[in-house]
Protein chains: 2
Amino acid sequence: MPTKPLSRARIVAAAIDLIEREGADAVSMRRIAAELGVGVMSLYNHVPSKDALLSGVAEAVLSEIEFTDDPGAHWADRVRVQARAFRQIASLYPRSTMVVVSRQLHSAAGLLPVERALATLRSAGFDGAEAVSMLRVFIAYIVGSLLREVGVTPAFAPVSAPAVPSAGVDPALFPEVGAMASLLGTCDHEEEFEFGLEMLIQAATARAPGGGQTGGQTGKQVSREGTR
Amino acid sequence: MPTKPLSRARIVAAAIDLIEREGADAVSMRRIAAELGVGVMSLYNHVPSKDALLSGVAEAVLSEIEFTDDPGAHWADRVRVQARAFRQIASLYPRSTMVVVSRQLHSAAGLLPVERALATLRSAGFDGAEAVSMLRVFIAYIVGSLLREVGVTPAFAPVSAPAVPSAGVDPALFPEVGAMASLLGTCDHEEEFEFGLEMLIQAATARAPGGGQTGGQTGKQVSREGTR
DNA sequence: AGAGTTGCACGTACGCTGTACGGCGGTCAA
DNA sequence: TTGACCGCCGTACAGCGTACGTGCAACTCT
């Protein structure tokens, strides 16, 4: 038994490991092969292309989401749990998250979260169209948040990294940005994520058939047999 | 007058043009040079690296956002206008949007939208910390939405493209997904975007110092001091 | 047991990439 | 006129993804 027999799973694992250690740019077939101590072309016996390998990475990362869904809980709490589970992979595999997010994956790995989320939203009383739209909104928010956390945030980070947080921008041109430079420069990602999540849940609650009387637990959710 | 003198702007414009025509993967220094009818290395007299060029692309695209901000309008309407302006670039330069979104840019081009947005949120009565948090939420949602529209959506598109919209998934494993396959397969991006935008605005309204008497719904939800 | 088939690992090679380096021609100041 | 400069270019190098052919091991069938 000289070496393990080199399977697709082992290749994907090596790729994830390499991405996390040296970034997605460092990933090349030669590099991965060297990491595994095999020839470059041996990889192609298990993976049809580099693109497919990256899809495999996305799938593997995505499939590690832990869903401890409790169908008996209030739907809002179930949404919270699922959103956080989704976000948790970003902290486990920060650099791979970019790969996951910037990739259209056509596998069933991404379907299970959708299934759970739809069931949850349906249990809140939303009809099909509403549930789908709402799911899309939540996903958009989560993906956008992960993108920021991963560090590849789009528009407003320049204040933090390049320019000095507390200065560096012309206060005459950008008075607001200048005044809040310190706030813009720092960000508690978890707190920020929760903040937006609560906003969305609140908005969803207001749109739920139950209406806006959500003061307490309500406890009146129909919860009609979640699955099947 | 043989040819125009080849400036950074012309190079960036050619890059954008090429991205839109053939996708971001087709972009190479040689390709762009050929497009402009010059030698490859001539580009490096105006652009330090390919990475900087792509940053230039992001900056150029971002700077084309038209902000017709009316400080007299209701803040909610101003938020709507700004969010739509931001989204509009995705329809103008769909494929370049991926470049913009997946790139940390350190220029002032991305600062102006931030300035405008902060001013708007401040005018709604939010203090600095609230305005910044809320801005981040809106940006996360917008970025996530654009990512989906551009076609690189993350998790739940597989239903549409690969599997037949109205079938193809095992209804036993994924009953909800199966039942709503047709809904998941089609998406009116504009309508979807507006839907989430209204959700966020409603949630923001409920958190505004003015209180929640705007929409009529929402009712309680004191939302004391944002974070929990 | 021998023959045939299959599957995996590998080396080589091709066309592509980004870019460091040096040369070449034209314009302008002295 | 001469020298300096600047924009343009060709060459070269290391690295990329992967198409192709070869050889070795194990398994199946007669």
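- When distances are taken from the side chain of A:Val38 to each of D:dT18, C:dC10, C:dG18, the shortest belongs to C:dC10.
- Distance B:Tyr44 OH to D:dG10 P: 15 Å, rounded to the nearest Å.
- One can place CZ of A:Arg8 at 18 Å from P of C:dG7, the figure rounded to the nearest angstrom.
- A donor-acceptor pair under 3.5 Å is formed between the side chain of A:Tyr141 and the backbone N or O of A:Phe193.
- Map A:Pro48 and B:Met41 each onto its nearest nucleotide of DNA chain D; the residue landing nearer the 5' end is B:Met41.
- Candidate nucleotides C:dA9, C:dG18, D:dT18 were compared by shortest atom distance to the side chain of A:Val40, and D:dT18 ranks first.
- For A:Lys50 and C:dC16, the NZ to P distance is 18 Å, given to the nearest whole Å.
- To the nearest angstrom, P of D:dG17 lies 7 Å from CZ of A:Arg30.
- Taking a cutoff of 4.0 Å between a charged side-chain nitrogen and a carboxylate oxygen, A:Arg84 and A:Glu194 qualify as a salt bridge.
- Closest to the side chain of A:Leu6, out of C:dA9, D:dT18, D:dC8, is C:dA9.
- With rounding to whole Å, A:His46 atom NE2 is found 6 Å from C:dC8 atom P.
- As a whole-Å value, the separation of B:Arg31 CZ from C:dG15 P is 18 Å.
- Listed nucleotides C:dT19, D:dC8, D:dT18 differ in distance to B:Asn45; the shortest reach to its side chain belongs to D:dC8.
- Atoms CE (B:Met29) and C1' (C:dG15) sit 19 Å apart, rounded to a whole Å.
- In this structure a side-chain-to-backbone donor-acceptor pair under 3.5 Å is present from B:Glu20 to B:Ser96.
- Under the 4.0 Å criterion applied to side-chain N and carboxylate O atoms, A:Glu198 and A:Arg80 are assigned as salt-bridge partners.
- Taking atom CG on B:Leu43 and atom C1' on C:dG18, their separation rounds to 11 Å, with Å as the unit.
- A perpendicular orientation is assigned to the rings of A:Trp75 and A:Phe126, their planes being inclined by more than 60° (bins at 30° and 60°).
- Residue B:Ser42 is in base contact, counting any heavy-atom pair closer than 4.0 Å across all strands shown.
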